[in-house]
Amino acid sequence: MAVDLHLHSVFSDGTATPEEIVATAAGIGLTGIALTDHDTLAGIPRAKVAAELAAIRFIGGTELSVEWQDQTMHLLVYFLNPGPGPLQDRLEALRRARGERNLRIVALLQGLGLEISIEEVTAEAGHGVVGRPHFAGVMINKGYVQSVAEAFDRYLAAGRPAYAPREKLSAETAIGLARESGAVPVIAHPHTIGLRAAEYATGFSQLASIGLGGIEAYYGEYSPEMRAELVRICGELGIVATGGSDYHGRYKPHLEIGVGKGDLRVPDAAFDQLVAAR
Ligand code: AMP
Ligand code: ZN
Ligand code: FE
Ligand code: FE
């Protein structure tokens, strides 16, 4: 019995519909899932209906990029209901900031001699919130790069020539707004923050004291030792050890729903404890 609490659909930078995600999850025997599209709640109603029909448990959420100690941190926000609310009301401004950032990326790419237009990128994204993986998709289609990984390594990643930052909430603000909205904020894949495992405990205890509800400990890119270490830290802080695949369909071809690279298994208890942390 396992769950997957980190999934992206066509409503942001995934390539599967909510219904396809639910069908796959049910097909491999997952008992619960969470949809966590970037900066949007638009996929939640469809995913919720599909999950009900498939008799698997469902949590609606989103994934935000926030600023913490001069670094970018990803924050998963669970139980954030579509509609008005303290954090919900900020999402549109975050998407607008993304739109401005996307125009800057296009200009940078054009300056580097890549003929890419914003129209091509939005077409690639369909009705989803545009993210850098969509730029990568266009770059692959036009033969500029062979893979999403190459697009990030050569152009799109932080520090690369077509990187453009966007306005973000601070971690503290986002955690506060999430709790005011009745949601549970959880740090996603803490390895991307650039801290070493030993530095996590001290840094995260302060966030736990202002409402952080958990840390994504069961993450596909982590070694079993690192997962165990993060589970231990969550226990010490009294917060939930969550986990998920960060499935993005074709944009992250090495990651599958439920199992990540193959060895991921997020225990049902993560879902139950998240419900209890609400
Ligand atoms: P954005 O939200 O537009 O800044 O884009 C972030 C998305 O790009 C997230 O889904 C990340 O997982 C993905 N991403 C970030 N770095 C890389 C990378 N090096 N290779 C592939 N995908 C990445
Ligand atoms: Zn993404
Ligand atoms: Fe992320
Ligand atoms: Fe993600």
Side-chain angles (χ1 to χ4, degrees), residues 3-18 21 25 33-44 47 59-68 71-78 80 91 94-95 97-99 101-102 105 121-122 124-140 147-149 151-152 156-158 163 165-166 168-169 171 174-175 178 185-195 212 214-222 230 242-261 264 266 270:
V3 298
D4 189 335
L5 304 175
H6 190 161
L7 297 159
H8 297 272
S9 78
V10 291
F11 283 89
S12 66
D13 55 2
T15 57
T17 63
I21 289 173
I33 59 164
L35 185 69
T36 54
D37 278 312
H38 302 278
D39 297 343
T40 182
L41 307 173
I44 290 175
I59 298 171
T62 185
E63 181 175 17
L64 305 178
S65 297
V66 301
E67 211 159 290
W68 186 62
Q71 309 267 8
T72 297
M73 172 196 273
H74 287 190
L75 199 66
L76 295 161
V77 182
Y78 294 109
L80 192 64
L91 295 178
L94 294 176
R95 291 194 295 268
R98 243 179 209 284
R101 187 270 320 245
N102 294 338
I105 295 178
V121 177
T122 30
E124 173 79 14
H127 54 254
V129 171
V130 174
R132 284 177 288 164
H134 298 124
F135 286 84
V138 174
M139 290 157 82
I140 293 170
S147 66
V148 174
F152 273 88
L156 300 170
Y163 178 75
R166 60 191 159 94
K168 303 181 193 80
L169 298 174
I175 288 170
V186 168
I187 294 172
H189 44 68
H191 70 303
T192 47
I193 305 166
L195 287 179
L212 181 72
I215 297 173
E216 189 171 54
Y218 305 96
Y219 190 66
E221 313 274 344
Y222 294 167
L230 287 166
T242 72
S245 64
D246 208 359
Y247 174 74
H248 279 75
R250 282 194 309 283
Y251 292 120
K252 291 194 181 182
H254 56 296
L255 295 177
E256 296 297 339
I257 292 171
V259 297
K261 287 176 172 170
L264 184 70
V266 185

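Ligands are counted one by one from 1 in listed order, and the atoms in each one are counted from 1 as well.
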Participant: Can you tell me if His248 has an N, O or S atom under 2.8 Å away from the Fe ion (ligand 4)?
Facilitator: no

Participant: How close do Ile215 and Pro190 get, heavy atom to heavy atom, and via which atoms?
Facilitator: CG2-CG, 3.8 Å

Participant: Among Asp37, Thr17, Thr40, whose side chain to side chain donor-acceptor pair (under 3.5 Å) with Ser9 holds?
Facilitator: Asp37

Participant: We want to know whether Glu221 and His189 form a side-chain donor-acceptor pair, criterion being a heavy-atom distance below 3.5 angstrom.
Facilitator: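 No, no side-chain donor-acceptor pair sits under 3.5 Å.
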
Participant: For Tyr247, run the side-chain contact (heavy atoms from CB on, under 4.5 Å) check against Leu7, Thr36, Val259 and tell me which one passes.
Facilitator: Leu7

Participant: Work out the angle at the Fe ion (ligand 3) between NE2 of His189 and ND1 of His74, rounded to 10°.
Facilitator: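 That angle is 100°.
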
Participant: Which atom, among the N/O/S set of Asp246, is closest to the Fe ion (ligand 4)?
Facilitator: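 Answer by atom name: OD1.
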
Participant: Counting backbone and side chain alike, does Glu63 bring an N/O/S atom below 2.8 Å of the Fe ion (ligand 3)?
Facilitator: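 Looking at Glu63, which is the residue asked about, there is an N, O or S atom under 2.8 Å from the Fe ion (ligand 3).
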
Participant: Check whether any N, O or S atom of His6, backbone or side chain, sits closer than 2.8 Å to the Fe ion (ligand 4).
Facilitator: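 Yes, His6 qualifies, because one of its backbone or side-chain N, O or S atoms lies under 2.8 Å.
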
Participant: Could you tell me if the ring centre of His191 sits under 6.0 Å from that of Tyr219?
Facilitator: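 Ring-ring flag for His191/Tyr219: true, centres closer than 6.0 Å.
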
Participant: For the metal site, I want the angle between atom NE2 of His248 and atom NE2 of His38 with the Zn ion (ligand 2) at the apex, to 10°.
Facilitator: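 That angle is 130°.
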
Participant: For Asp13 and His134, test the side chains for any donor-to-acceptor distance below 3.5 angstrom and give the result as yes or no.
Facilitator: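 No, no side-chain donor-acceptor contact under 3.5 Å.
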
Participant: Of all the atoms in Asp13, is at least one N, O or S atom closer to the Zn ion (ligand 2) than 2.8 Å?
Facilitator: yes

